[in-house]
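A note on names: the letters A, B, ... follow the listed sequences, proteins ahead of strands, and every chain is numbered from 1.
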Amino acid sequence: MPTITLPDGSCRSYDSPPTAAQVAADIGAGLAKAALGAKINGTLCDLSTRLEHDCALAIVTAKSRDGQPDADGLMLIRHSCAHVMAEAIERLFPGTALVYGPALESGFYYDMAFPAGRAPSTDDFAALESEMAKIIAENRPFTRTDLPLDAGMEKLNREGSKFKIDNAQRARDGGSATLSWYTTGTPGSNWEDLCRGPHVPSTGRIGAFKITMLASSYWKGDESLDRLTRVYGTAFATKAELEAHLAQVEEAKKRDHRVLGKQLRLFHIDEMVGQGLVLWTPRGAVVRQELQNFISDELRVQGYQQVFTPHIGKLDLYRTSGHFPYYKESQFAPIIDHDEMSKLAAEGCSCGELANRLGSGSVDGYLLKPMNCPHHIRIFASEPHSYRDLPVRLAEFGTVYRWEQSGEIGGLTRVRGFTQDDAHLFVREDQVADELIGCLSLVKLIFGTLGMNDYRVRVGLRDPASDKYVGDPSNWDKAEEACRNAARSLGVPFSEERGEAAFYGPKIDFVVRDVIGRSWQLGTVQVDYNLPVRFDLSYIGADNKQHRPVMIHRAPFGSMERFVGVLIEHFAGAFPLWLAPEQVRVLPISEKSAAYADEVLAALRSAGLRATIDSGNERVQARIRDASEAKIPYLAVVGPRDAEQRAVSIRAFGTDANLGELPLGEFLAGVTGEYTSRGHESLKSKFVRRQPS
RNA sequence: GCCACCCUAGCUCAGUGGUAGAGCAAUGCUUUCGUAAAGCAUAGGUCGUGGGUUCGAGUCCCAUGGGUGGCUCCA
């Protein structure tokens, strides 16, 4: 006699265990028709699941109560659509081995192994989609069959797919008591797939779908295992929702920093210069310089000292730090001087031999620096330090070079040369906690000032099973605890992730998403007990003995390139006044106002503002349009009327109309205030308040 | 590095083996204008690069560079 509790708190009792579908039907015919699945005690299940015991039940439909697509409903639809796609592919591409096909946040994929040379291409999408449409039109039920582990494994061994056998083994290792198959239709006669489920009741419940792309993947994400083909798609309950989603994806592409970067002429990446090497054009350089000024002001307040170091260093420096051996594959190849090169050539040294000798240290060279820390460490070590001097905080906008894989490079977010707003703090152990909090406050200040609230915090810890990490485990424990405590002090949720630490220490990362949903690490703070050991750093303590300092590595922006890339998307290219490459554009109504317009321009420039004039031959309307497309914060339109009153007519970006006239002096003061306060004071808001409407 | 797709004028794109096109931008002229595109004209391309097939290649094939989306990697 199970009692079923519904989300509204009401209960229903049954004499014999009903299925979730029966309960839905008892609640109402409409719900029964709309039902896609069930949530039983919070677990997503098939609608056909029999409710043997008392439980909390929620019927899952395609729409939540707020009218938006329901996340669970979408999950069911997409996972089911992955099956339909797999069936269509197996039909059109015989010999395909299925591997794994989950639902995703915005769609689904299915990994498959195709016979050599028989993989589909994007040209096959239309045929596959029409095959899928047929399966959906047939509206065949998703039928679940459970087999005991032994019988299930036997069936899989008979069928012989190593991928499915592996999936089953993992299910077994995960504690599953049975193995389940889903047939689209009648078991024995229709297509089936080993699957944990759940699914929608029948294929007809998949409303609208689209195959979106092909990619390669590795079995279990391991590049030493089989190369698979991953087919991506997405599905929604209705065609309208699918179209809305696709439109939204198109819309997001318009604020992609690569698109806006070109449109607004913020940066350029040139084939002739090299992949992943960013050329900051004048307008983008302004944004970067303003950000650097902003953080530099704050560093002075916090007692940092600015240093400059070269772009290369001796290879041995990076052998000592560990960077060269640990990241050999992802660095630019070492630079070897002419004499050494001639000598090696005379000896007939092969490339392989050269690599060996560079590794062992019997040949030295120089390395484009992959990190700034070794240089800063040598500055710290260049003079003795008393415990009274600590913390020593050395800051540099340091440019580093990394040999990223070619397929990974793109835009400003993943590049081969980038500038970190880097600093290294050499601290006593008793100072670690306070200094960490100081570093985090910088990151918070940056995110707060720029209005970037949509980030997550990740504490990256070492993976005890990996041999990638250097140093004493007890120091690691201390460092990890320090990071955890500092992260707690932030007052925002954070996740702890094993295996995300740097090789020399744990870290706290700030991660944001770009417009197409990819995550990027921006700010980072890392605790390091190991490099001070490797470089034998010390300071003289109060006891007149030598002590080992602890290092903190931190970069609140992370890399200027990546940060600006994300920032362009955050503002959709419409930078606030203090960052805007062009802050004010003066628009004379006609040549008759040219003299006064020049006067306004000169006044703006002497006030330290980035101002230009557009005295082109176009009508004002056209020039306003140009300026709007350039996303310039303020337009100062001047005509004879303004000249007479020594005023300007203001138009602000984001407002559709002329805000009215303002005396020139007042405008200058307002814009300057907004600039120097980095947006704390806003001329626009003052101005808008003055307007009666 | 792997898989798929893409590369045509400064930009966005059309061009399905038969004489390289459009819009915007640029330049010149006319217009001197009060808040999101005035009019006319001109110029601009060995179709990423190198091979090949063909009577003929922007179009088909091969190689190579670059880009985009995934995978892997990311100090």
Q: What closest approach, in Å, do Arg518(A) and Trp520(A) show between heavy atoms, and which atom pair accounts for it?
A: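 Of all heavy-atom pairs spanning Arg518(A) and Trp520(A), the closest is O-CD1, 3.6 Å.
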
Q: With hydrogens left out and only the distance checked, is there a donor-acceptor pair under 3.5 Å joining Asn658(A)'s side chain and the base of G34(B)?
A: no

Q: Identify whether any heavy atom of Arg623(A) sits under 4.0 Å from a base atom; if not, whether one sits that close to sugar-phosphate; answer base, sugar-phosphate or nothing.
A: nothing

Q: C24(B) and G18(B): how far apart are their P atoms, nearest whole angstrom?
A: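 Those two atoms are separated by 29 Å.
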
Q: Mind checking Ile516(A) for me? I need base, sugar-phosphate or nothing, with any heavy atom below 4.0 Å counting as a touch.
A: sugar-phosphate

Q: If you compare all heavy atoms of Phe667(A) against all heavy atoms of Leu604(A), which two are closest, and at what distance to 0.1 Å?
A: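 That would be CE2-CD2, 3.8 Å.
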
Q: Is the base of C74(B) touched by the side chain of Arg414(A) through a donor-acceptor pair closer than 3.5 angstrom?
A: yes

Q: Extract from the structure each pairing of a protein N or O with an N or O of nucleotides 10-17 of chain B at less than 3.5 Å, listing the distance.
A:
none

Q: Using atom CD1 of Ile624(A) as one end and atom P of A38(B) as the other, report the distance to the nearest whole Å.
A: 11 Å

Q: Quick one: does Ser649(A) reach the base of G34(B) with a side-chain donor-acceptor pair under 3.5 Å?
A: yes

Q: Taking atom P in both C6(B) and G45(B), what distance in whole Å separates the two?
A: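 Pairwise P distance, C6(B) against G45(B), rounds to 27 Å.
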
Q: Base, sugar-phosphate alone, or nothing: which one does Pro120(A) contact when heavy atoms must sit under 4.0 Å apart?
A: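 No contact at all - Pro120(A) keeps every heavy atom at 4.0 Å or more from the nucleic acid.
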
Q: Reckon Arg651(A) has a side-chain N or O less than 4.0 Å from the OP1 or OP2 of A36(B)?
A: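 So the side-chain polar atoms of Arg651(A) do come within 4.0 Å of the phosphate oxygens OP1 or OP2 of A36(B), strictly under.
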
Q: NA contact type, Arg518(A), heavy-atom cut-off 4.0 Å: base, sugar-phosphate, or nothing?
A: sugar-phosphate

Q: Which pair of non-hydrogen atoms, one from Val638(A) and one from Val586(A), has the smallest distance, and what is that distance?
A: CG2-CG1, 4.2 Å

Q: Looking across every strand, which nucleic acid part, if any, lies under 4.0 Å from Gly322(A) by heavy atom: base, sugar-phosphate, or nothing?
A: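 Nothing, no nucleic acid heavy atom in range.
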
Q: Just compare C71(B), C73(B), A38(B) and give me whichever is closest to any side-chain atom of Arg230(A).
A: C71(B)

Q: Is there, by distance only and without an angle test, a donor paired with an acceptor across the side chain of Glu591(A) and the base of U32(B) below 3.5 Å?
A: yes

Q: By nearest atom, which of the nucleotides C74(B), U35(B), A4(B) is closest to the Leu214(A) side chain?
A: A4(B)

Q: Which whole-number value in Å describes the distance from Arg258(A) CZ to C7(B) P?
A: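 My rounded result for the distance is 17 Å.
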
Q: Does the structure show Phe503(A) stacking with A75(B), if we require the centres to be closer than 5.5 Å and the planes to be within less than 30 degrees of parallel?
A: no

Q: Is there, by distance only and without an angle test, a donor paired with an acceptor across the side chain of Ser216(A) and the base of C2(B) below 3.5 Å?
A: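 Yes, the side chain and the base share a sub-3.5 Å donor-acceptor pair.
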
Q: Taking only the side-chain heavy atoms of Lys468(A) (C-beta and beyond), determine which of C71(B), C74(B), C33(B) contains the nearest atom.
A: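 When the side chain of Lys468(A) is considered, C74(B) is the closest of C71(B), C74(B), C33(B).
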
Q: 5'-most contact on RNA chain B: Ile589(A) or Gly411(A), nearest heavy atom basis?
A: Ile589(A)

Q: When you measure from the side chain of Arg619(A), which nucleotide among A36(B), C5(B), A38(B) comes out closest?
A: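 For the Arg619(A) side chain, the nearest candidate turns out to be A38(B).
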
Q: Can we call the ring centroids of Phe503(A) and Tyr327(A) under 6.0 Å apart?
A: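 Between Phe503(A) and Tyr327(A), the centre distance is under 6.0 Å.
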
Q: Between U35(B) atom C1' and Glu618(A) atom CD, what is the distance in whole Å?
A: 15 Å

Q: Base, sugar-phosphate, or nothing: which does Asp626(A) touch, judged by heavy atoms less than 4.0 Å apart?
A: nothing

Q: Distance alone, cut at 3.5 Å: any donor-acceptor contact between the side chains of Ser649(A) and Asn658(A)?
A: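 No.
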
Q: Nearest of A75(B), U32(B), G34(B) to any side-chain atom of Pro640(A)?
A: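 Selected nucleotide: G34(B).
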
Q: Can you tell me which stems RNA chain B forms when a stem means 3 or more consecutive Watson-Crick or G-U pairs under 3.5 Å?
A: B:1-7 with B:65-71, B:10-13 with B:21-24, B:26-30 with B:38-42, B:48-52 with B:60-64

Q: Tell me which nucleotide among A38(B), A75(B), G70(B) gets nearest to the side chain of Asn617(A).
A: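 The answer is A38(B), which lies nearest to the side chain.
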
Q: Should the pair Lys314(A)-Asp316(A) be classified as a salt bridge under the 4.0 Å nitrogen-to-oxygen rule?
A: no

Q: Whole angstroms only, please: what is the CZ-P distance between Arg265(A) and C24(B)?
A: 20 Å

Q: Side chain of Ser590(A) only, heavy atoms from C-beta on: which candidate in U32(B), A4(B), C73(B) is closest?
A: U32(B)

Q: Please work out if Gln526(A) contacts a base, only the sugar-phosphate, or nothing of the nucleic acid, heavy-atom cut-off 4.0 Å.
A: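 If one applies the 4.0 Å heavy-atom cut-off, Gln526(A) turns out to touch the sugar-phosphate alone, with no base involved.
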
Q: Minimum heavy-atom separation for Ala574(A) and Phe653(A), please, with both atom names.
A: CB-CE2, 3.4 Å

Q: Report yes if a donor N or O on one partner sits less than 3.5 Å from an acceptor N or O on the other, where the partners are the side chain of Arg562(A) and the base of C74(B); otherwise report no.
A: no

Q: Does any donor-acceptor pair link the side chain of Tyr218(A) with the base of G1(B) at a separation under 3.5 Å?
A: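 Result: at least one qualifying N/O pair found.
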
Q: Using a 4.0 Å heavy-atom cut-off, does Val620(A) contact any base of the nucleic acid, only the sugar-phosphate backbone, or nothing at all?
A: sugar-phosphate

Q: Can a donor-acceptor pair under 3.5 Å be found between the side-chain atoms of Ser330(A) and the base atoms of A75(B)?
A: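 Check passes, donor-acceptor contact within cut-off.
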
Q: Looking across every strand, which nucleic acid part, if any, lies under 4.0 Å from Glu329(A) by heavy atom: base, sugar-phosphate, or nothing?
A: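 Glu329(A): no heavy atom of the nucleic acid under 4.0 Å.
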
Q: Could you check Gly639(A) against His323(A) and say which one's nearest nucleotide on RNA chain B is further toward the 5' end?
A: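 The answer here is Gly639(A).
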
